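Below: the structure, in structure tokens.
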Amino acid sequence: MIGRSLYFGSRTRRAINDVLGGSAASVLSITFGLSYALLVFAGPLSPFLSYGVAATFISTALLAAVIALGSSLPFAIAGPDSSTAAVMGILAASLVERMIAIDPSAPLLAPVLITLGLSTIITGFVMCGLGLTRMGRAIRYVPYPVVGGFLGATGLLIVLGAIRVITGNSLHFDTLPLFANLVTILELSAAAAMALVLYLTWHRSRTAFGLPVILIGGVIVAHLAFWITGITPEEARLLGWTFERPPGATLMLPWHADELRRFPWSMVPDLLGHLVAVVFVTAASTLFNTTGVEVAVHREANLERELNVTGLANILAGAMASYAGCISISRTILNFSTGGRGRLSGLTAAAAALLMLAVAPPLLGFIPKFVLGGLLLYLGADQLHKWIIESRKRLSKTEYISLLAIIVIIVAWGFVPGILIGVIIGCATFALSASRIEAIKFSFDGSEYRSSLDRSRDDQDTLLAHGGKIRGLTLQSYLFFGSANRLYQHVKELLQQNPELRYLLFDFKLVTGVDSSAAYSFAQIKRSAHEVGVELVLVHLSETAEKALRSSDFITAGVTIIDELDHALEWCENGIIAQHQDLALEQADLRSWFTRILESEHSADELIRRCQRIEVETDEIIVRAGDPADSMHFILDGRVGVMVPADDGRTTRVRSLGRYTTIGEMGLVSRSPRSATIQAEVASVLYVLNAHQFDAIKTEDPQLGQKLLTYFVSVMAERLAFANRTIAVLRR
């Protein structure tokens, strides 16, 4: 029995906390609701304010009840939001403006309610579609300046709507003379003072009952001022200081065949931009507000479920000719901080909204316009401050300028041009910013960063001396035309500054993507690398990146793909070690040959020091007939042919020279032009002694010079003897 009583006691306490939290949140819903009704039903629609009040609180009740029952956050409080009310007001005002321009006597109420209802229903279906297809998260990919510009423009529109509520006139260049009278200036000044009081008090405390206390205080002060100045309530209404006393809230469902037939359907295309704005703002507010609640209360929400539930609530609200709304950050957090944790909180807020259908209209007749107008001014100015002032600290200069441009475009030309141009500006800004990000996270060479393979002391010494021939670049971010072109320029400079480079390794582990323009830059990298004999190695290459690079013919022969960096380094190191082991054998072979012909190891070493090693491919021209004879060649490996011009324009091979032979020694001595073209018949390795080094040998080491001349004479003698034997055979 004791446990059962404790259980019921805890349930009762939770229910009481939910009711108290919902009641506190409903105070904000009621206060905001009255200002939203005035925002939407202003100007030519002000005679129908009672219908606006009914639409506001029916929408509040339906949104609060449905979202309370279905939200993944059971303590959520929903209703019309300042942003959604602003775009609904713009939609209604745009329709009314077009209708009055065509027929000033046209009935306005039914078309406006139909427009509000249909836009809310369409918004609901779109949100359900986003939730069911899980596409709602895509709105988070909209560039931040676009969202900021959109919401900043909404704040500016709320301020302009507040001015219309206070004065009865829209603020344009053409209407400026209407604001140049004392009463209008005093009304706007009083509203600005009210907004300032709200900023200095409720803006900092955000208590549940602080806002209504301040507004009630403003009403009392206004009526005291009227009494002191001798202005009666009736005179205050005639002067425009207070609202006309509307009749009781009236519910009207305009879905009659006659009303639908009389609806100006021809104006719908002109309203599509505002309709898109309603959908975008409601969906964005739902996602952003839900995320804000998650952060504030440390609870995780199901975004798809929130979209589905909010969409259903808007469909029902639209069926009742009401307007769109979503979960509210301020009301939900207030409910949570007051102790509300269950779905009863939202139901309490819904019941309070229904109660206001009977109470609110009579109250409006006593409220000065500047009180609720000041509240709207505060709400709009607060949003403008958030996106124009505070966002400056978070955005770069380019992003901030684009945000301001989007605000101006939306206010001047509408939401759809603002969204489209904003997305273009956002993408261009992103491309500009991303292009400034270095594609290279860091670089390394094989002498400082090696594979994990343990090697012999000799191999370690080889890598220590020649590891710089391996260069690695760890790439990062998304590679597109801007960043990839900068990478190409960096690699091009790297190849020029490091002619000894043999392996260039790209690590794609930190790369998030590669587009087709980046693939073209990589193709340029491959051409530059192959021109200087550098082999490319790709590591951690994803399937999508590999597909993009293959499409540009980048991945072909000479480009190696290896899964891991450690294995790639080992593969490159093996190539360097093998190359230098072969080079060591080659050097020993060359030294042995020079020692034989010069009869001295010291002379052989000195000649090797003076020579330059070159490699030639098959059919590559080494020297051409007629060129200056400024060098001779020692053929260490391979075979070359001596080619002379024939009568038919072709060339004829007159002799072929293999390993351990020389070419060009006669020209080096006589300095006469080349008498024949020398062409490689197979891939060959040659050592070149140029005329400058030969002259230096004769001056600095006469003994070596004498040995070389002696060798040249013996070579020429052998060739002369060979020619004589050939001639003797031919004469037989």
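Quick caveat, the model's predicted, so the values are computed rather than measured.
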Between Tyr378 and Val197, does a side chain to side chain contact (heavy atoms under 4.5 Å, CB included) hold up when you go through it step by step? CA-CA 9 Å; Tyr378 161 74; Val197 170; over 6 Å; no

Determine all donor-acceptor pairs shorter than 3.5 Å in which one atom belongs to a side chain in residues 62-75; sequence neighbours excluded.
{"from": "Ser71", "atom 1": "OG", "to": "Leu73", "atom 2": "N", "distance (Å)": "2.9"}
{"from": "Ser71", "atom 1": "OG", "to": "Leu73", "atom 2": "O", "distance (Å)": "3.2"}
{"from": "Ser71", "atom 1": "OG", "to": "Glu306", "atom 2": "OE1", "distance (Å)": "3.1"}
{"from": "Ser71", "atom 1": "OG", "to": "Glu306", "atom 2": "OE2", "distance (Å)": "2.8"}
{"from": "Ser72", "atom 1": "OG", "to": "Asn302", "atom 2": "N", "distance (Å)": "3.0"}
{"from": "Ser72", "atom 1": "OG", "to": "Glu306", "atom 2": "OE2", "distance (Å)": "2.6"}

Under a 3.5 Å distance rule, please check whether [X] uses its side chain to pair with a backbone N or O of [Y] as donor and acceptor.
X: Thr348; Y: Gly22; value: no
X: Ser189; Y: Ile185; value: yes
X: Thr332; Y: Ile77; value: yes
X: Ser322; Y: Gly318; value: no
X: Ser59; Y: Tyr323; value: yes
X: Asp18; Y: Arg343; value: no
X: Tyr400; Y: Ile388; value: yes

Which heavy-atom pair separates [X] from [Y] by the least distance, and what is that distance?
X: Gly325; Y: Thr310; result: O-CG2, 3.7 Å
X: Leu130; Y: Ala283; result: CD1-CB, 4.2 Å
X: Ala236; Y: Ile231; result: N-CG2, 3.6 Å
X: Ala61; Y: Ala353; result: N-CB, 3.9 Å
X: Leu377; Y: Ala192; result: CD1-N, 4.0 Å
X: Leu109; Y: Phe48; result: CD1-CB, 3.8 Å

When you compare the side chain of [Y] with that of [X], does any pair of heavy atoms fall below 4.5 Å?
X: Leu307; Y: Cys128; result: no
X: Leu132; Y: Glu304; result: no
X: Met88; Y: Thr120; result: yes
X: Trp255; Y: Ile114; result: yes
X: Val278; Y: Thr84; result: no
X: Ile315; Y: Phe125; result: yes
X: Val19; Y: Ser345; result: no
X: Asn314; Y: Ile121; result: no

Separation between [atom1] of [X] and [atom2] of [Y], rounded to the nearest 0.5 Å:
X: Met320; Y: Leu316; atom1: CE; atom2: CG; answer: 9.5 Å
X: Leu260; Y: His256; atom1: CG; atom2: NE2; answer: 9.0 Å
X: Leu118; Y: Thr123; atom1: CG; atom2: OG1; answer: 10.5 Å
X: Asp270; Y: Glu97; atom1: CG; atom2: CD; answer: 11.0 Å
X: Leu354; Y: Phe57; atom1: CG; atom2: CZ; answer: 10.5 Å
X: Leu344; Y: Asn17; atom1: CG; atom2: CG; answer: 10.5 Å

Within the supplied structure, the quantity of interest is the number of heavy atoms (other residues, nucleotides, ligands) at a distance under 6.0 Å from Trp265 CH2; does it exceed 12?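 Yes, because the 6.0 Å sphere around CH2 of Trp265 holds more than 12 heavy atoms from other groups.
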
Decide yes or no on side chain to side chain contact (heavy atoms under 4.5 Å, CB included) for Val87 and Phe280, but give the supporting numbers first. CA-CA 10 Å; Val87 291; Phe280 182 88; over 6 Å; no

Can you tell me if Thr184 and Asn181 form a side-chain donor-acceptor pair at under 3.5 Å?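 Asn181 and Thr184 do have a side-chain donor-acceptor pair below 3.5 Å.
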
Audit row: Val40, Leu45, side chain to side chain contact (heavy atoms under 4.5 Å, CB included) steps and yes/no: CA-CA 8 Å; Val40 178; Leu45 292 177; 5.5 Å; no

Begin from the C-alpha positions of Met127 and Thr286 and carry the test side chain to side chain contact (heavy atoms under 4.5 Å, CB included) through to its verdict. CA-CA 9 Å; Met127 292 179 69; Thr286 298; 3.1 Å; yes

